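The structure appears below as structure tokens.
Please read these numbers as outputs of a predicted model, since none were measured by experiment. Each chain gets a letter, A, B and so on, in the order its sequence line appears, and its residues count up from 1.
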Amino acid sequence: MSSRFQAPRGTQDILPEMQPYWAAVLRAAEDVTRLFGFRRIDTPVFENAALFEKGSGDTTDIVEKEMYQFEDRGGDRLALTPEGTPGIARAYLEHGMASWPQPVRLWTTHPMFRYDRPQKGRYRQHTQIDCEVIGSADPLVDAEVIELLWRIYQAVGIKSVGVRLGSIDDLEPRKAYVQRLKEYYRPHLDRLSEDSRRRFDRNPLRLLDSKDERDLPYKDAAPKLVDQLSPEAQAHMEVVRTALDAAGIPVVIDPLLVRGLDYYNRTVFEIVPTDDERAQGTVGGGGRYDGLLEILGGPHTPAVGFGSGIERIILEMQKHEVAVAEPPAPDVFLIHRAENAARAVTQLAGSLRSRAIAVVVAESGRSMKSQFRSADASKARFAVIVGDDELARGVAMVKDLRGGGEQREVPLEGVAEAIAGVR
RNA sequence: GCGGGCGUAGCGUAGUGGUUAACGCGUCUGGUUGUGGCCCAGAAGAUCGAGGGUUCGAACCCCUCCGCUCGCCCCA
């Protein structure tokens, strides 16, 4: 028992009973992205490690300590994708999508890999729905992707979520702000948490993100980026806000919202449940990344997008007891008891399936009682019974397993019609 | 990387030092000769997470390790 294999830590099997949830989420993603004119793209599960080091940023936690890296047999340094955006940006450049009508709207669903401590809603392999609009600087597009994500949640039955919106301005104005922020924190440096002292040098914006008690006293009085945005970024955010308001989406401006990736500028957002302050509550987040494609060696190309974790969406669905559609039971459970049933059973099952009737064939050699019990467990509507008697006469018994269980004799060629008629 | 909780059949649990580890669900078989759901009976299925220690005797007490889980950090 204990020596048997287990799924690697932080990974999970998605058992049949969970599949309806996944199907519902993916269906919603397909439907909603289509409503917004997105086309699906799929990118590899691994990429060159350097793509993320340059793209996501080598001071981010994701790259610094969470990447699954490996060298393949040819010596290439690769990484399992820790997040989706760089791969799609890479594909945009690699396939010359700048020559497609702009902007390009792409979506995908893709496994992500991060080496961190698993807990509820956090896994080493998880799956994201990813939407990216590349080639637009229009703030209406920011609002559009947020609305898209919002509508996915609505479509799967999660109603109580809210948008947290922030802006981290553009690179140059942000540099000036970061100086001011550091000046503010510098006198208090020796009283801050270790993490924050480290961030002071490496990634000062994250100082505001701290939840460490030692840092909290300084947070409120710290200069807030959102209060001193450049006029351009300020105007940008106002349009996003107005558009979201027009879409009827509740928005809270969060001045402390800082996301974990280096490439964001201006718009950043998260979507969180409004009815529960759970730790791993964020179901989706994203932002604008006008600089990323340039970092990856392409021309300046503004873009905006989001990722949303399917596992977390499903946790929310379960929390709200959202009903999901179960796949239909088989139409027919084929019971057989004959000396040489192999040919007849296979042909009968085959002819039914060719008519799109779903058939499960009983295990050979089991008793009638056992086969009927299996038929019942399968939830099939009909039992079709063939034994020596029936085969000799070219007929089958068709029994309706619902209700009283009426049974009648039907010629073998007529079984499909008899069932299709009732179904 | 840091803290808390928990590991007994496929699942959920009982058993807290004394002979062959119990119950429910599930699985399989049967309740006459070819008929399900309910019911009844039976069977299979557990080296009690692993190793070491204490003891005449350990699922139960102690130690170490492993695994799972929840939280912190971070993120989806």
Check: What is the pairing partner of B:A58, taking Watson-Crick or G-U wobble pairs with both distances under 3.5 Å in any strand?
Finding: none
Next item on the list: Return yes if a side-chain donor-acceptor contact under 3.5 Å exists between A:Y153 and A:S308, otherwise no.
Entry: yes
Checklist line | Any-strand Watson-Crick or G-U partner of B:G37, both distances under 3.5 Å | finding: none
Checklist line | Residue-level proximity of residues 367-374 of chain A to RNA chain B when a heavy atom falls under 4.0 Å | finding: A:S367, A:M368, A:K369, A:S370, A:F372, A:R373
Check: B:G71 and B:G26: how far apart are their C1' atoms, nearest whole angstrom?
Finding: 34 Å
Next item on the list: Tell me whether the OP1 or OP2 atom of B:C28 has a side-chain N or O from A:R366 closer than 4.0 Å.
Entry: yes
Notebook entry, point to check: Contact class for A:E66 (heavy atom, under 4.0 Å): base, sugar-phosphate, or nothing?
Noted result: sugar-phosphate
Item checked: Complementary nucleotide for B:U32 - Watson-Crick or wobble, under 3.5 Å -> none
Note to self: How about CZ on A:R408, more than 12 heavy atoms from neighbouring residues, nucleotides or ligands closer than 6.0 Å, or not?
What the structure shows: no
Margin query: Give me the distance, rounded to whole Å, that separates B:G51 from B:G36 when you measure between the P atoms they each carry.
Written below: 47 Å
Check: Nearest to the side chain of A:R9, which nucleotide is it out of B:C68, B:A76, B:G34?
Finding: B:C68
Notebook entry, point to check: If you measure only the distance, is there a donor-acceptor pair under 3.5 Å linking the side chains of A:S167 and A:H236?
Noted result: no
Notebook entry, point to check: Heavy-atom count around A:R40 CZ within 6.0 Å, excluding the residue itself: above 12?
Noted result: yes
Margin query: With a 3.5 Å distance limit and no angle check, can you tell me whether A:S378 reaches the backbone of A:A380 through a side-chain donor-acceptor pair?
Written below: yes
Check: When you compare B:A14 with B:C25, how far apart are their C1' atoms, in angstrom units rounded to a whole number?
Finding: 15 Å
Next item on the list: Answer with base, sugar-phosphate or nothing: what part of the nucleic acid does A:I385 contact at a heavy-atom distance below 4.0 Å?
Entry: base
Check: So what does A:D389 hit on the nucleic acid, given a heavy-atom distance under 4.0 Å: a base, only sugar-phosphate, or nothing?
Finding: base
Next item on the list: Using the P atom as the reference point in each nucleotide, state the distance between B:A59 and B:U19 in Å, no decimals.
Entry: 10 Å
Check: Does a side-chain N or O from A:R117 land closer than 4.0 Å to OP1 or OP2 of B:G71, or not?
Finding: no
Next item on the list: Determine whether the side chains of A:T301 and A:E294 contain a donor N or O and an acceptor N or O closer than 3.5 Å.
Entry: no
Check: Using purine N1 to pyrimidine N3 plus N6-O4 or O6-N4 for Watson-Crick, or N1-O2 and O6-N3 for G-U wobble, each under 3.5 Å, what pairs with B:C2?
Finding: B:G71
Checklist line | Salt bridge flag under 4.0 Å for residues A:R337 and A:D388 | finding: no
Margin query: My understanding is that a pair needs two contacts under 3.5 Å, Watson-Crick or G-U wobble. By that rule, which nucleotide pairs with B:C65?
Written below: B:G49
Next item on the list: Measure from the side chain of A:Q6, starting at C-beta and using heavy atoms only, and say which of B:G67, B:G36, B:G71 lies closest.
Entry: B:G67
Note to self: Need the pair for B:A43. Rule: Watson-Crick or G-U wobble, both distances under 3.5 Å, any strand; none if unpaired.
What the structure shows: B:U27
Item checked: G-U wobble or Watson-Crick pairing nucleotide for B:U13 (cut-off 3.5 Å, both distances) -> B:A22
Margin query: In whole Å, measure the gap between the C1' atoms of B:A76 and B:G12 for me.
Written below: 31 Å
Note to self: Is it the case that B:G34 (base atoms only) and A:E390 (side chain only) share a donor and an acceptor within less than 3.5 Å, ignoring hydrogens and angles?
What the structure shows: yes
Checklist line | Any side-chain donor near an acceptor of the partner, A:S56 and A:E83, under 3.5 Å | finding: yes
Note to self: Say we look at B:A46 and B:A50: how far apart would their C1' atoms be, to the nearest angstrom?
What the structure shows: 15 Å
